Amino acid sequence: MNNLEIPAETTPEFTSTSETSLLVVIVDSNPSQKMLRDNPHVLTHCVDSVIAFANSHLMQKAQNKLAVMACHSKTSEFIYPGPNKPLDVRQIDGQYEVFTAVEKTIKHNLAKLLANEKSTLVTESLLAGAIAMALCYIARIQRTKPPGCRLNSRILVVTGSGDSASQYMNYMNVFFTAQKQGIVIDVCALDQHLSLLQQGCDITGGLYLKVPQLQGLLQYLLWVFLPEPPIRQKLVLPPPVKVDYRAACFCHRELIDIGYVCSVCLSIFCKFSPICTTCHTVFKIPGPLAVKSKKKKIKL
Amino acid sequence: MVDEEEQKEYRWETGYEKTWEAIKEDDDGFLEASVADIIQRAKRKRQAQKQGNSKLGMMRHLYVILDCSDSMSSQDLKPTRLLCTVKIMENFIEEFFDQNPISQMGIIIMHNKRAEKISDLAGNARKHIKAINNLKQTSLIGEPSLQNSLEMALRALKLLPSHASREILVVMGSLTTCDPGDINTTILNLKSEGVRCSVIGLAAEVHVCRRLANETGGLYNVILDDCHFKDLLYQQVDPPPAALTLESNLIKMGFPHQMSVEGTEEPLTMCMCHVDSTDEGSKLNTGGYYCPQCYSKYCELPVECRACGLTLVSAPHLARSYHHLFPAANYDEITYENQTVICFACQKNFSETDKQVYRCPNCTKIFCINCDIFVHDILHTCPGCATNLSTFQIAHNTTQ
Ligand SMILES: [Zn+2]
Ligand SMILES: [Zn+2]
Ligand SMILES: [Zn+2]
Ligand SMILES: [Zn+2]
Ligand SMILES: [Zn+2]
Ligand SMILES: [Zn+2]
């Protein structure tokens, strides 16, 4: 297809007829998440673990590919490979140049991003948006790969934030897209339980883990998330949890098991109301109710 | 009127000629603007026309009427008209239920001057696909009867509640129909019941089919080849604008959750959906979804509870169709003047060959054409808007 250019910054080449695994790690480095406000040093620990994990992924196969993103509340960026020219790295203490480059590039770009971060009060990290970018990135790599080469792609989200219902629509869109494209979404929750992201794991066939102890992060990453999805069936991994698929009503964002659905836009409400607040459709009201509802002021 | 529309439909084909001029080799000797690229530009144009429909018929009830008369054995589609139709239909059914989660479909075939229902109105894609697949063994005999089939579909659609969107899609290979009475009466009845009828012709234009579509607000098209056939059929995946006769309602629904108590063995139970079927899966099992009103068990969603009538769905299932109502804002095509070095979403480096780039009106981020297509065709969320707190919620509200 078109865009046959292979970006200069991604060094591992595709060899045709081979199988390649692309891993996109999304690191929530939003400094205002509760976990980092309590103890800012945790970020260094997490980033170091992610770098070691990412390098283990590259070490598994010469063709494996990697991208790392940082997610904040006002922006999300690729910090590896990153928009700039690759850093000039000479071999240091016997490590492969690639691994040193990964570490340097990630730390350099992350430091730059954190220096530009001004808002400190916004706690919500827009993870759904970062996943959307990752899906576009994966789609490009998929488009530009040579024919005959198989690309297995997955996304790992590492976050200490909570997930908020305000991103519900974006979350669902990225989950269904990933499912359609055969992309697995894994989630590693560091601080809070994430019920929406857990649904994403379930929909895309990924794994969800809330780490019991942050100090052991690297071990959990290597144990649970390093094996590629096809191999996972053969390993003893945390058992699948039953996912709560109840609906959140649009009016109060509360989980309900019986609700009312607008026939025009499929919005969900926990009580009967005469007008849909999403699409502004006025519903037929059964006789006696119609008189009563006149008194109530309808807020839009 | 419809003639005009039909011409517009494929006018983009003429756009092909000019775009060839844009093709040139880049530094590495690759043809940058490939044919795929040109087709994507055409897709983009169609996408632009889609926006701004806030009232759609989301609870669709669609009867597919398939011609199984001897005209379907013709080999102008490979391997035969019928086998080609079966193959394209299979994918269509899956895509239909993917995009229209709480809709229902039924299938009627016409052969030997009779209508035969091979699949009742239901929301289960697998059942329909099985029925369609069985058609491969059907003997293609006699003439079709359009009127008999339309009447059969109408009888079923009539019974539906007033908020249900009613549709018929006819795939017609024959150029004739053998009807017992005046088909115009049937067309008028369909019109007054608000049934939208679309027809895809496999051979040539048939007058009665055009009248049927025109009168009922549907689409009528005759295919050029199998790709065009697929394209026309897939246009039926998007929910149509709500018919004027369509009433709006709040419908009570149940959202079952998988019941499990930590540490206890779940009892083996029989699900209601398989209670009277003898084929695969009709065994006792654990797990499943329980109706929150009467506790009947089902192994699949969505389903209408057989015991209490409550429609049972899962919330993510409903969310699959929200993008029809809250599409991502269309991007503006702008000339590339080094506004940015890379595409915001996929990180592609823009080069001289990128004559046009695409800018989101909300977040003003700039994207390549491939991302523009991907975002509006599949993703339905603008990556620029969704990564910034000041834009991530307005993105979906602009069309309201
Ligand atoms: Zn509510
Ligand atoms: Zn509504
Ligand atoms: Zn069952
Ligand atoms: Zn029930
Ligand atoms: Zn792009
Ligand atoms: Zn945008």
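Note that the structure is predicted; figures quoted are calculated from it, not measured. Convention: sequence-line order gives letters A, B, ...; per-chain numbering from 1.
- Only the side chain of Val375(B) has a heavy atom closer than 4.5 Å to any heavy atom of chain A.
- Put simply, CG on Leu250(B) and CZ on Phe269(A) are 7.0 Å apart, with the number rounded to the nearest 0.5 Å.
- Looking at Leu312(B), neither its backbone nor its side chain comes within 4.5 Å of chain A, counting heavy atoms on both sides.
- Residue Thr75(A) holds its OG1 atom at 7.5 Å from CG of Asn388(B), rounded to the nearest 0.5 Å.
- One finds the CE atom of Met59(B) at 8.0 Å from the SG atom of Cys262(A) (value rounded to the nearest 0.5 Å).
- How far CZ of Phe176(A) is from CD1 of Ile378(B): 14.5 Å, rounded to the nearest 0.5 Å.
- His323(B) has its side chain within reach of Asn173(A): a pair of non-hydrogen atoms, C-beta onward, lies under 4.5 Å apart.
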| said: Between Asp98(B) and Lys180(A), is the side chain to side chain contact (heavy atoms under 4.5 Å, CB included) condition met? List the steps. | reply: CA-CA 10 Å; Asp98(B) 201 46; Lys180(A) 256 196 167 159; 3.4 Å; yes

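- Distance check, rounded to the nearest 0.5 Å: CD of Gln179(A) to CZ of Arg320(B) gives 4.5 Å.
- With hydrogens and angles disregarded, no donor-acceptor distance shorter than 3.5 Å links the side chain of Asp257(A) to the backbone of Phe255(B).
- With chain A as the partner, the residue from Ala319(B), Cys343(B), Cys346(B), Ala164(B) showing the most heavy-atom pairs under 4.5 Å is Cys346(B).
- At a threshold of 4.5 Å between non-hydrogen side-chain atoms, the residues Met253(B) and Ile258(A) do not count as touching.
- Side-chain contact of Asn170(A) with Thr381(B): a donor-acceptor pair under 3.5 Å is present, judged by distance alone.
- Leu126(A) places a side-chain heavy atom less than 4.5 Å from the side chain of Leu389(B).
- Proximity to chain A involves both the backbone and the side chain of Phe344(B), based on heavy atoms less than 4.5 angstrom apart.
- Using a 4.5 Å cut-off between heavy atoms, Tyr171(A) makes no contact with chain B at all.
- Here the side chains of Gln347(B) and Met133(A) are in contact, with some heavy-atom distance below 4.5 Å.
- Between Phe175(A) and Pro316(B) the shortest side-chain heavy-atom distance does not fall below 4.5 Å.
- Remark: the backbone N or O of Ser248(B) is not paired with any side-chain donor or acceptor of Ser263(A) at under 3.5 angstrom.
- How far OG1 of Thr387(B) is from CG of Leu127(A): 11.5 Å, rounded to the nearest 0.5 Å.
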